[in-house]
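Right, one structure below, let's go through it.
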Amino acid sequence: MARRKKNYEYVMDDIFGSLEFPIFECLMKADSMLSKLSEEASCFGVPAEYRKNYMRVKITDMIDQIAERRETEKKIKPSGRRGLHEKKIRERPAIPTSS
C-alpha cells in the first residue's frame with residue numbers, strides 16, 4: 001500500500017510540476033490584489049481579524065463557484081454550451097463575525 005502511495009506522489013509531482021510556475025504566478029497576482037484590498041480596508045478601520053475572515057470566506061466561495069461551473073460545463077454537451085456570462089452567480093456567503 002505504501003508503495004502505491006509513493007507512485008501516486010511521483011506521478012502527481014510530474015503533473016503538477018508542469019503547471020507549477022504559471023499557478024504560482026497567478027497566486028502571486030491574487031496575493032498582491034488581496035494585500036491591496038486589506039490595506040484599503042485597514043484605512044477604514046476594519047480590524048485585521050475581520051479582514052482575514054472576510055477574505056477567506058470570499059475566496060473559498062469563489063473557488064467553490066469555479067469548481068461548480070467547471071463541473072456543470074462538463075455535463076453540458078459541446079453544442080449546448082452557454083457562455084460564462086449566462087451562468088447565474090450564487091448568493092453571497094455569510095461573513096463570520098468576531099466575538
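L27 contributes atom CG, which lies 10.5 Å from atom CD of E20 (distance to the nearest 0.5 angstrom). We find the OH-CD1 distance between Y8 and I15 to be 11.5 Å, quoted to the nearest 0.5 Å. One finds the CD1 atom of I66 at 10.0 Å from the CG atom of D61 (value rounded to the nearest 0.5 Å). Here R51 contributes atom CZ and E39 contributes atom CD; the two are 9.0 Å apart, rounded to the nearest 0.5 Å. With values rounded to the nearest 0.5 angstrom, K36 atom NZ is found 11.0 Å from D31 atom CG.
Put simply, the side chain of S38 never gets that close to the backbone of S35: no donor and acceptor are under 3.5 Å apart. Side-chain atoms of T60 come within 3.5 Å of backbone N or O of R56 as a donor-acceptor pair. S32 contributes no side-chain N or O that, together with a main-chain N or O of M28, makes up a donor-acceptor pair within less than 3.5 Å.
Under the 4.5 Å side-chain contact rule for hydrophobic residues, Y10 and M12 do not share a cluster.
Between L37 and M55, the closest heavy-atom pair is CD2-SD, 3.9 Å.
No salt bridge links R70 with E73; every basic N to acidic carboxylate O contact stays at or beyond 4.0 Å.
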